[in-house]
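No hydrogens, no waters, no symmetry mates; every other heavy atom, side chains included, goes into these values.
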2 protein chains.
Amino acid sequence: MLQHTHTTAPNQFIEAGGIRFAYRKFGKEEGVPLLMLGHFRATMENWDPSITDGLATRRTVILFSNTGIGLTSGTTPDTIAGMSKDAVLFIEALGYQQVDLLGFSLGGFIAQQITLDRPDLVRRLVLAGTGPEGGQNMQEYTPEVTIAATTEVPSLENFLYLFFSPSENSQNAGRAFWERRHLRNNDLEPASSTGVLIAQASAIGKWGIPNPALPRLKEIKHEVLVVNGNNDIMVPTINSYNLFQHLTNSKLILYPDSGHGFLFQYPDEFVQDVTQFLNKK
Amino acid sequence: MLQHTHTTAPNQFIEAGGIRFAYRKFGKEEGVPLLMLGHFRATMENWDPSITDGLATRRTVILFSNTGIGLTSGTTPDTIAGMSKDAVLFIEALGYQQVDLLGFSLGGFIAQQITLDRPDLVRRLVLAGTGPEGGQNMQEYTPEVTIAATTEVPSLENFLYLFFSPSENSQNAGRAFWERRHLRNNDLEPASSTGVLIAQASAIGKWGIPNPALPRLKEIKHEVLVVNGNNDIMVPTINSYNLFQHLTNSKLILYPDSGHGFLFQYPDEFVQDVTQFLNKK
């Protein structure tokens, strides 16, 4: 039996370490729950219901807002280490011994850090549109990207530019995604503040300081699925290849004619690939 | 209803262009047939029944020996162009308007060339453990690889070295593959001659002359699945990444802790990934 969906799941709150975390939980109550870690400036409203509900047919899916984001209290830390520590507090407060993590972009940095800090707490890891600490060109953006990523109220046009390829197919998929992500219309989170933007940008900048040896990745022995589009202008795709080559037990899947938002472009295929990975015996 | 299997399919023969081609056909009589193009020195005995029978549950699978190989008559050409021309003669003789191609290693070179020469004849393309014409380090082998790849009668040890990673898991998977590939014991093809080895080595050498622009890949508009292990010592894995980046409509999947023979290491996962790709609407 499915408990709630992306659009019906009520906001819930749980306190840990002095922070009141907002979260939503839905899907099948079975197996290891999947915690979703979102992108730069994202709240719980920035996921694609086709993905979250698609994954939730086989497992419990949990969305949450980390410290200072959306309906969650506190001040957003300006380091990935700080964000990861808070996420661990949240997971432990929910009483889980082990979770699967799906980290997208900034969420993928946090997912890696959680796995390094608390390997026991993580079963499997999906790293989407993300890169390792010290990866290639991860702290340098074109002026166009910087402007589109930091507008006060991100528009459809900003998303189409940042997350999708210029092709007609990709742009159309972007518009369809935009419709889907606005399907929920009750109990929405407020957008992230400028304070969140500044703290996250600072954390991303530090994480991106180049270190070609990628020394910590070999410590992660977990099964990992690394996924991206073929031309990600936010976290260049070569970083996904490098994650794969340094994570000893990882599988890489890259999708055609797509950028950072490849998962929103191919939601069904993405759900199928992630489900196959998470369900593997 | 399934017609025959890897181990029971009879040898068949068909003539085209003065060549008598040996082939085997089995599986479900439905949809677009899948033609398998094998590796350096391979005959029809070099496939993994777990893969061929796995794929054949959803489509017709065709193995064949190209000119001069196994039970097929004629002299093996010493160019990829010549091999591709002969493969096209064979496909047309069978009366197919269109096929899917799964090209492994040398077979992947031929599959690309067929697609360039006769785009109408190909629906979808799976390129496994292979690289583009002019790719990176595709004509330079270590002395160990050269010796193992050219022994008169390739042994289990040669296969374990060339096709699998040094890890215990990979080596064990290699031994299990070796058992499976010897399951068929009736009407086997003779091993390839030294003449085949010399002609194929010459063709591979010419295909591998570096040309970093990879100019012809953009001509291929077909849907392509590019697959490899993370450390292929025969056709370096970076070539799979580069194929993906230059083929406009391709998806890339790379598997952990594996080499050239990744497909034989993860036969069930490989069948699942290829079936998902070929069945996609």
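With sequence neighbours excluded, no residue forms a side-chain hydrogen bond (donor to acceptor under 3.5 Å, both in side chains) with A:Arg181.
Both the backbone and the side chain of A:Thr237 come within contact range of chain B, judged by heavy atoms closer than 4.5 Å.
Interface with chain A: from residues 243-253 of chain B, residues B:Phe244, B:Gln245, B:Thr248, B:Asn249, B:Ser250, B:Lys251, B:Leu252, B:Ile253 qualify, criterion being any non-hydrogen pair under 4.5 Å. By a heavy-atom distance cut of under 4.5 Å, B:Glu269, B:Gln272, B:Asp273 are the residues of residues 262-273 of chain B near chain A, going up by number. Interface with chain A: from residues 107-122 of chain B, no residue qualifies, criterion being any non-hydrogen pair under 4.5 Å.
Counting heavy-atom pairs closer than 4.5 Å to chain B, the top-ranked of the candidates A:Val227, A:Val226, A:Ile238 is A:Ile238.
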